[in-house]
Amino acid sequence: MSRALSILLVDDDRKLVKVLTSILEIQGHRVTAVYSGNAALEALNKSSYDVVLADLRMPRMDGLRMLRTVGFSKQRPKVIIMTAYATPETQSKAKDFGAFEYLEKPFKLAQLRQALDRATA
Amino acid sequence: MVVEQIRALHAAGQDLRHGEVQQLNPRLTSAAVRYFGSWKHAATVAGIDYEQVEKRSERARIEKITKWSNERILERIRELAAMGEDLRSIIIRNKYPSLFSATTSRRYFGSWGLAVKEAGVNYESIKGRRRKRRGAPRGGWQRELILEAIMDVLPSPDISARRARRLHPDLYEEAVKGFGSWKAARATALKDPRKDDPAG
């Protein structure tokens with residue numbers, strides 16, 4: 001691990017959030033976990049983060065919509081989009097909206113670690 | 001602040017109708033009503049032509065629906081069935097929102113189940129699959145993540161249950177839920193063949 005990061009983790013799958021939060025914290029990162037795009041925007045208004053790790057498919061506000069809104073905010077953290085529904089179209093949209101990386105679920109922890117390293121290199 | 005946020009949403013291409021923004025950011029709509037009397041007025045102060053917003057949204061909604069037809073919907077459902085796609089409504093609603101929205105509109109079938117039946121796909125078997133899945137073990141990938149964490153993230157995979165519960169309560173809890181006990185999770189991780197695979 002290169003350095004401790006401040007990470008905003010956004011996913012509506014609470015079990016996954018619990019597991020990933022635990023793993024990232026063991027790796028030394030500081031994690032704020034939220035379960036919706038709206039909550040993520042609120043968290044971004046309150047604090048700054050090095051990386052946002054966001055699910056693509058979430059109710060009400062999905063990761064892409066969130067990404068688009070984050071792009072217009074003052075704080076522009078690196079956003080890593082995670083998805084189980086990867087298509088070339090969503091991948092290209094995610095890139096267009098400013099996503100730094102696109103991780104297909106299920107991913108290995110090594111892939112996540114590499115993505116975080118690249119995001120903060 | 002309210003005006004700036006409305007402008008940012010507008011610039012991001014967000015649908016600015018009150019209901020849409022309320023779902024997205026209820027604090028913003030409440031603040032707008034508190035300070036400006038109405039959402040429409042706040043949007044107008046932000047320089048947005050709100051009547052145009054309403055017209056554009058309605059046009060977009062109609063366009064989305066009219067690009068479909070009964071035949072096109074049935075054809076698409078058959079294509080998805082042939083691809084082995086999960087045709088449960090909850091999946092299609094998330095994965096193919098345009099198809100789902102058109103299918104369930106009164107203009108076409110009004111119901112996803114009806115359209116699937118019309119397409120010649122056995123809808124009862126789809127519903128049956130859902131019932132079966134409810135009872136089936138879930139979270140296969142999360143189990144994998146827990147095993148990876150035990151092997152590669154914890155300082156040592158030999159960590160005792162007591163220590164794991166104290167130091168990493170969430171990981172411990174999920175491991176117990178997924179494997180029955182910490183000991184079982186650790187044993188599974190230690191015999192997991194992936195630990196010998198350098199590619200991981």
Side-chain angles (χ1 to χ4, degrees), chain A residues 1 11-29 31 33 36-42 45 55-62 64-74 82-87 90 96-98 104-114, chain B residues 1 4-15 19-29 85-86 90-97 138-155 159 164 167-175 177-178 194 197-200:
Chain A
M1 191 193 76
D11 199 313
D12 60 331
D13 181 343
R14 289 177 183 248
K15 277 192 161 193
L16 177 66
V17 165
K18 213 167 161 184
V19 172
L20 280 180
T21 301
S22 191
I23 290 170
L24 290 166
E25 284 178 348
I26 294 169
Q27 289 175 330
H29 303 300
V31 183
S36 69
N38 293 339
L41 292 181
E42 279 185 28
N45 276 334
D55 186 31
L56 184 71
R57 298 263 176 201
M58 290 182 288
R60 292 190 191 155
M61 181 191 247
D62 66 21
L64 286 181
R65 225 159 139 193
M66 190 199 84
L67 187 61
R68 222 156 45 152
T69 313
V70 168
F72 286 92
S73 67
K74 284 177 194 165
M82 310 179 285
T83 183
Y85 303 106
T87 64
T90 51
D96 289 348
F97 292 166
E104 285 186 31
K105 290 179 182 175
F107 51 77
K108 298 267 182 197
L109 288 182
Q111 290 173 287
L112 175 59
R113 203 162 33 228
Q114 285 160 8
Chain B
M1 190 66 177
E4 277 171 22
Q5 284 194 47
I6 295 174
R7 284 182 186 144
L9 289 175
H10 181 60
Q14 168 65 40
D15 184 341
E20 290 294 316
V21 181
Q22 193 171 29
Q23 273 201 336
L24 191 71
N25 189 344
R27 284 189 180 181
L28 177 60
T29 48
E85 186 62 90
D86 189 336
I90 191 167
I91 302 290
I92 298 299
R93 191 175 58 194
N94 280 325
K95 217 168 163 181
Y96 304 98
R138 298 174 64 193
W141 176 42
Q142 280 151 41
R143 281 167 57 95
E144 291 290 312
L145 287 179
I146 290 167
L147 295 180
E148 272 192 83
I150 291 173
M151 286 306 297
D152 304 329
V153 181
L154 291 177
I159 181 170
L167 295 178
H168 315 296
D170 285 343
L171 183 66
Y172 172 85
E173 195 185 317
E174 291 306 314
K177 277 185 196 162
R194 288 168 315 148
D197 174 9

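In what follows, chains carry the letters A, B, and so on, assigned in the order in which the sequence lines appear, proteins first and then strands, with residues in each chain numbered from 1.
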Closest non-hydrogen atom pair, S22(A) against H168(B): OG-CB, 4.4 Å
Chain A contact via R27(B) - side chain, backbone, both or neither, heavy atoms under 4.5 Å: side chain
Region of L112(A) in contact with chain B, defined by heavy-atom distances below 4.5 Å: neither
Proximity breakdown for E42(A) and chain B, heavy-atom pairs closer than 4.5 Å: side chain
Sequence-distant partners of E173(B), side-chain hydrogen bond (donor to acceptor under 3.5 Å, both in side chains), two or more places apart: K18(A), K177(B)
Distance (rounded to the nearest 0.5 Å) between I159(B) CD1 and I150(B) CD1: 9.5 Å
side-chain contact (heavy atoms from CB on, under 4.5 Å) partners of D11(A), counting only residues at least two apart: D13(A), L16(A), V17(A), D55(A), M82(A), K105(A)
